[in-house]
Asker: 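Got a structure for you, written out below as structure tokens; questions coming shortly.
Note that this is a predicted model, so its numbers are computed, not measured.
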Amino acid sequence: MNYPEIEIDPADIRIEFVRSSGPGGQNVNKVATAAQLRFDAAHSRSLTPEVRERLLRLAGKRVNAAGEIVIDARRYRTQQQNREDAMQRLVRLIEKASAPPQIRRKSAPPPSANFRRLDEKKRRAGVKKLRGRADMDDM
């Protein structure tokens, strides 16, 4: 898929480093390696209104009340790797939002399927008709 190049203003992105959680022993307790990326999607001039709307919808729970997308990256042990991971996740999210939604086209059943359906209805109607009471004319 080819997307138009999207230039993101660095002023719209803030990265803070916080202490990570989970296993890791003393390193986790004293080093702030988890990256918390905040992208101001609601006020970003680098996004078109359509892309902004799709991006905020795609981000879901990651959007705060101020319209910022918050991405927590704590997968790696170093700040640099977590920063790159957060940026890659943001880029993937924006690329996904940049793709225009596919238009669903209604499809009609083929004529042969319609013929088979009507033929089966006639057959079933005949079977049910035979189950009814016999007419006096038939005797």
Asker: Would a hydrophobic clustering, with Ile, Leu, Val, Met, Phe, Trp and Tyr connected at side-chain separations under 4.5 Å, put Ile94 with Leu58?
Answerer: yes
Asker: Give a yes or no on whether Ile69 and Ile13 share a hydrophobic cluster (residues Ile, Leu, Val, Met, Phe, Trp, Tyr; joining criterion: side-chain heavy atoms under 4.5 Å apart).
Answerer: yes
Asker: Can you tell if the side chain of Leu55 reaches within under 4.5 Å of the side chain of Lys96, non-hydrogen atoms only?
Answerer: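 They are not in contact (no side-chain heavy atoms under 4.5 Å apart), so the answer is no.
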Asker: Using the test side-chain hydrogen bond (donor to acceptor under 3.5 Å, both in side chains), find all partners of Arg117 that sit at least two apart in sequence or belong to another chain.
Answerer: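 Testing Arg117 for side-chain hydrogen bond (donor to acceptor under 3.5 Å, both in side chains), a comparison that skips the adjacent residues, returns Asn114.
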Asker: Taking only Lys NZ, Arg NE, NH1 and NH2, and the carboxylate oxygens of Asp or Glu, determine whether Glu53 and Arg57 approach each other closer than 4.0 Å.
Answerer: yes
Asker: Which value, rounded to the nearest 0.5 Å, describes the distance between Arg74 atom CZ and Arg77 atom CZ?
Answerer: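 Atom-to-atom, Arg74:CZ and Arg77:CZ are 15.0 Å apart.
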Asker: Just wondering, are more than 12 heavy atoms of other shown residues or ligands nearer than 6.0 Å to CZ in Arg105?
Answerer: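 No, the 6.0 Å shell around CZ holds no more than 12 heavy atoms from other groups.
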Asker: If we ignore angles and hydrogens, is there a donor and acceptor under 3.5 Å between the side chains of Thr78 and Gln81?
Answerer: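 Present: a donor and an acceptor within the cut-off.
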Asker: Would you say the side chain of Glu50 lies within less than 4.5 Å of the side chain of Pro100, judging by non-hydrogen atoms?
Answerer: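 No, their side chains stay 4.5 Å or more apart.
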Asker: Drop me the distance from Arg62's CZ to Asp72's CG, to the nearest 0.5 angstrom.
Answerer: 10.5 Å
Asker: Can you name the nearest heavy-atom pair linking Pro101 to Arg54, along with the distance?
Answerer: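 Scanning both residues, the minimum pair turns out to be CD-NH1, 3.4 Å.
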Asker: Do Arg89 and Leu37 touch side chain to side chain, with heavy atoms closer than 4.5 Å?
Answerer: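 Arg89 does not reach Leu37 side chain to side chain.
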Asker: Give me the atom names and distance for the closest heavy-atom approach of Ala97 to Val51.
Answerer: CB-O, 4.0 Å
Asker: Any chance you could measure Asp85, atom CG, to Met87, atom CE, to the nearest 0.5 Å?
Answerer: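 Result: 11.5 Å between the selected atoms.
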Asker: Ignoring hydrogens and geometry beyond distance, is a side-chain donor-acceptor pair present between Glu84 and Gln80 at under 3.5 Å?
Answerer: yes
Asker: Measure the CG-OH distance between Asn82 and Tyr76 for me, rounded to the nearest 0.5 Å.
Answerer: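 It comes to 8.0 Å.
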Asker: Run Arg38 and Asn64 through side-chain contact (heavy atoms from CB on, under 4.5 Å) and show every step you take.
Answerer: CA-CA 10 Å; Arg38 292 175 180 270; Asn64 62 18; 3.4 Å; yes
Asker: Are Val70 and Val91 connected, step by step, through hydrophobic side chains (Ile, Leu, Val, Met, Phe, Trp, Tyr) whose heavy atoms are closer than 4.5 Å?
Answerer: no
Asker: In plain terms, say whether Arg123 and Glu120 are close enough for a salt bridge, that is, a side-chain N and a carboxylate O under 4.0 Å apart.
Answerer: yes
Asker: Can you tell me how far apart CG (Asp119) and CZ (Arg124) are? Round to the nearest 0.5 Å.
Answerer: 13.0 Å
